[in-house]
Amino acid sequence: MSVQLAMPNCWRMESKPHKFCPGCGHGIVLKALGQAIDELGIQDRAVFGCDIGCSLLAWDFFNIDTIQTHHGRTNPVITGIKRANPNVIGVAYMGDGGGYAIGSQHLVNAAARNENITAIVVNNTQYGMTGGQMAPTTLPGQKTETSPYGRDVAKTGNPTLGPEMVSAITPDGAYVARGTVSNVKQLTKFIKNALENQMNGNGFSFVEALSTCPTNWRTNATDTWKFLEKEMSQYFTVGELKAPGSQNEEGQANG
Amino acid sequence: MAEKVIQEEKRVFMTGNEVVAWGALAANAEIMYGYPITPQNEIMHYWTRLAPKNEREFLQTEDELSAGFTTNGGVMAGRRAFTATAGPGNTLMQEPISMAEAMRLPTVTIVQQRGGPSTATVIYSQQEVTLTTLGGNGEGLRVVYSTATHQELFDYTIKAFNTAWKYRFPTFVLADGYQAKMRESLVMYDPASKGIEMFPTEPFVGKEGTPGVDREPGHFRNTYNVEEELYDVLQEHFADYNKMTPEVAEYKEIGSKESKVVVIAHGVVARGAKAAVEDLRAEGFNVGFFRPVTLRPLAVPELREVANNADKILVVESANGQMDRLLKEAIYGCSAEMLSLFKPGVGITAEEIEARVREIV
Ligand code: SF4
């Protein structure tokens, strides 16, 4: 019972326990999202789109209308829905591969158009579902299945800084933040700000969530947390990058 | 929805792309998502001029992947949504169409074929038949209308929305650069005035009520955990498709079931083929004409009857046998000998067809 009480209202009991690996950060991001949706009272208006990769495991996660799309294509699907029915609160949920590699043109153009949707990118520095390949977000020197000797930035470039990029190409009105599953309260606030920004019709709202993948990192609980808090947070700065009006102050106070 | 776009029948003289825009408007299409590629651009040009005056929407996307996936989103929001493309754009469009196929999304896509492979030529071809009928990593669960005249471009653009929403398979109007760019006269009308009722649309997501409280949530996916689950879903789709087939398969013909030589062609090439056959018949030749209007699904029983009665079938197309392969599958085991006149990416005149028929009768 106490476990159930901790769940956001909009979570779907029938699909719990969820399908993510133990220690996976996805469940925490989706908890933050669920809480934000509850607090804003938009369960009836929200449409949740999930990508390919581990994010697709969320296709029956919520008592919310949900569409599981293709790899990288969640932004255009949610854009299409929002354009056709502006009353919907559209959430595009994807991993770092979907957001920054295969779907990067969609992210860039949705951001540049200031598309009035909310995009959430879960950054766990590699491709989870396909077995731990290098992603745009893999840290310099980090070992993955396709960078077995560590990511060589001379050959593969530096890790993508998603929020920094989105922040640079969006006009005023957009909301951009990077949270982490190690600070759920702040992450929930960022996601809530992002959704509110959409509800206010301000334009594109974007949250990257630093997340964990113990399965492919091959880490125990201690090392998982260490990698997230020490290595990832060092490269990827947590906080709000762009927020219209008063949300800015609130968010900064929170961050 | 706005006032009726076309109050009363009117004869007009316009390009095929303009016809498509008007057809979509008359069909109460609500939103177009598109990306520029020749020769379909003017569909967007006309739509963007007509849309604001008629309370319709348009979004120019970053590529055809996005045009297709936003169209998927548009129909899931419950709107008559469509897109248009050609050539390499059609290649990209196959990814969103495969999602539409998997999830039974009633998208409408206009394809104005151009030459291929690759960038090739921008005006005319019939080389997108394989892609449009069977593209994507799927089983070709779509409806493809191949038009031959501007009147048909108007008629079938309207019909495509009804077929898509009634049967929930992605639906195509397959034309070409000649039809797109050429001017021709036709009669535009309000569908209701011809007794055509627009099949009602329905949202997949964003319905009334709170999911999990007032109603079940809509959970739409195209991924399955186990082989059997996918197999069962596909069996249902196949059954629906087979049930639909006799209701949507269309063809036109002249004496095809009692002639010894039958010319089969589709799209604009069928115009030349028909003219050739009419000429030859006037001269007393025992020649028939068959034109599949739906390339997918084909009118298989009728084609088999033709192929069992005729001695020879001459397949004529501006491709290297793309329709021919579909026909051979449909008439497998029938007795007629299959002959061909293939000119990939090039127009074919009635005279050429007539000359070829004279060689084989
Ligand atoms: S593979 Fe990694 S990202 Fe995917 S569910 Fe498991 S822990 Fe989470």
Side-chain angles (χ1 to χ4, degrees), chain A residues 9-15 19 41-50 52-53 56-90 92 102-110 112-113 115 117 129, chain B residues 29-33 35 56-81 83 92 95-100 102-103 105 107 136-137 201 203-225:
Chain A
N9 267 327
C10 62
W11 274 29
R12 185 170 175 80
M13 298 304 165
E14 290 89 327
S15 60
K19 305 178 181 80
I42 53 169
Q43 189 179 348
D44 56 338
R45 288 170 70 196
V47 172
F48 177 72
C50 55
I52 296 291
L56 76 78
L57 298 173
W59 71 270
D60 63 350
F61 197 94
F62 294 108
N63 269 330
I64 286 175
D65 287 346
T66 301
I67 303 165
Q68 173 257 319
T69 78
H70 283 192
H71 200 20
R73 315 300 176 216
T74 307
N75 275 318
V77 171
I78 294 298
T79 295
I81 291 170
K82 183 74 181 186
R83 290 270 178 163
N85 181 2
N87 182 50
V88 153
I89 302 299
I102 193 168
S104 54
Q105 78 273 39
H106 307 313
L107 176 63
V108 164
N109 284 282
R113 286 195 304 263
E115 206 65 60
I117 62 170
M129 183 157 276
Chain B
E30 291 156 290
I31 185 163
M32 178 186 188
Y33 305 88
Y35 184 79
R56 316 298 169 94
E57 295 291 331
F58 174 75
L59 174 65
Q60 184 167 329
T61 58
E62 56 274 18
D63 58 17
E64 288 87 353
L65 291 166
S66 185
F69 280 102
T70 47
T71 303
N72 288 351
V75 300
M76 293 194 84
R79 305 280 186 246
R80 279 189 201 88
T83 186
L92 291 182
E95 191 200 325
I97 293 295
S98 81
M99 171 170 153
M103 297 162 85
L105 306 181
T107 57
N137 60 334
T201 60
F204 291 65
V205 295
K207 292 185 187 186
E208 282 294 299
T210 304
V213 180
D214 309 313
R215 62 174 174 91
E216 280 296 294
H219 285 154
F220 301 96
R221 60 170 169 157
N222 50 61
T223 178
Y224 297 94
N225 297 327

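Small disclaimer: the values here were computed from a predicted structure and weren't measured. Chain identifiers are assigned alphabetically (A, B, ...) following the order of the sequence lines, protein sequences preceding nucleic acid strands; residue numbering begins at 1 within each chain.
The existence of a salt bridge linking A:Arg83 and B:Glu30 is excluded, since no basic side-chain nitrogen approaches an acidic carboxylate oxygen closer than 4.0 Å.
Most heavy-atom pairs under 4.5 Å with chain A: of the set B:Asn222, B:Ile31, B:Val213, this distinction falls to B:Asn222. For chain B, the option among A:Val47, A:Asp44, A:Asn63 with the highest count of heavy-atom pairs below 4.5 Å is A:Asn63. Highest contact tally toward chain A, considering only B:Val75, B:Thr70, B:Thr71, is held by B:Thr70 [criterion: heavy-atom pairs under 4.5 Å]. Listed options A:Val108, A:Ile81, A:Asn87 were ranked by heavy-atom pairs under 4.5 angstrom with chain B; first place goes to A:Ile81. Contact count against chain B (heavy-atom pairs under 4.5 Å) is highest for A:Asp60 among A:Thr74, A:Asp60, A:Asn9, A:Ile52. With chain A as partner, the option from B:Glu216, B:Glu57, B:Lys207 having the largest number of non-hydrogen pairs under 4.5 angstrom is B:Glu216. Chain B forms more heavy-atom pairs under 4.5 Å with one residue of A:Arg45, A:Glu14, A:Arg12 than with any other, namely A:Arg12.
From A:Gln105, atom CD reaches atom OG1 of B:Thr61 across 10.0 Å, with rounding to the nearest 0.5 Å. Between the OG1 atom in B:Thr210 and the CD1 atom in A:Ile64 there is a gap of 10.0 Å [rounded to 0.5 Å]. Rounding to the nearest 0.5 Å gives a distance of 8.0 Å between CE of B:Met103 and OG1 of A:Thr69. Atom CD of A:Glu115 and atom CG of B:Leu59 lie 6.0 Å apart (nearest 0.5 Å).
Two residues are said to be in side-chain contact when any heavy atoms from C-beta on lie closer than 4.5 Å; A:Asp65 and B:Arg215 meet this criterion. Side chains of A:His106 and B:Asp63 form a contact here, defined as non-hydrogen atoms less than 4.5 Å apart. Side-chain atoms of B:Val205 and A:Ile67, non-hydrogen and from C-beta on, do get closer than 4.5 Å to each other. For the pair B:Leu65/A:His70, no side-chain contact is recorded, criterion being any heavy-atom separation below 4.5 Å from C-beta on.
Proximity to chain A is absent for every atom of B:Asp214, based on heavy atoms less than 4.5 angstrom apart. With a 4.5 Å cut-off on non-hydrogen atoms, B:Glu208 does not touch chain A at all. Of the atoms belonging to B:Arg221, heavy atoms from both backbone and side chain fall under 4.5 Å from chain A. Interface residue A:Leu56: only side-chain heavy atoms are found under 4.5 Å from chain B.
Here the side chain of B:His219 pairs a donor or acceptor atom with the backbone of A:Phe62 at under 3.5 angstrom. Not one N or O on the side chain of B:Asn72 forms a donor-acceptor pair closer than 3.5 Å with the backbone of A:Val77. A donor-acceptor pair is defined here as one N or O able to donate and one able to accept, closer than 3.5 Å; such a pair exists between the side chain of A:Gln43 and the backbone of B:Pro211. A donor-acceptor contact shorter than 3.5 Å is absent between the side chain of A:Arg73 and the backbone of B:Phe69.
Here the shortest heavy-atom pairing between A:Val88 and B:Gly206 reads CG2-CA, 4.3 Å. The minimum heavy-atom distance between A:Pro76 and B:Ser66, with the atom names listed, is CB-OG, 3.6 Å.
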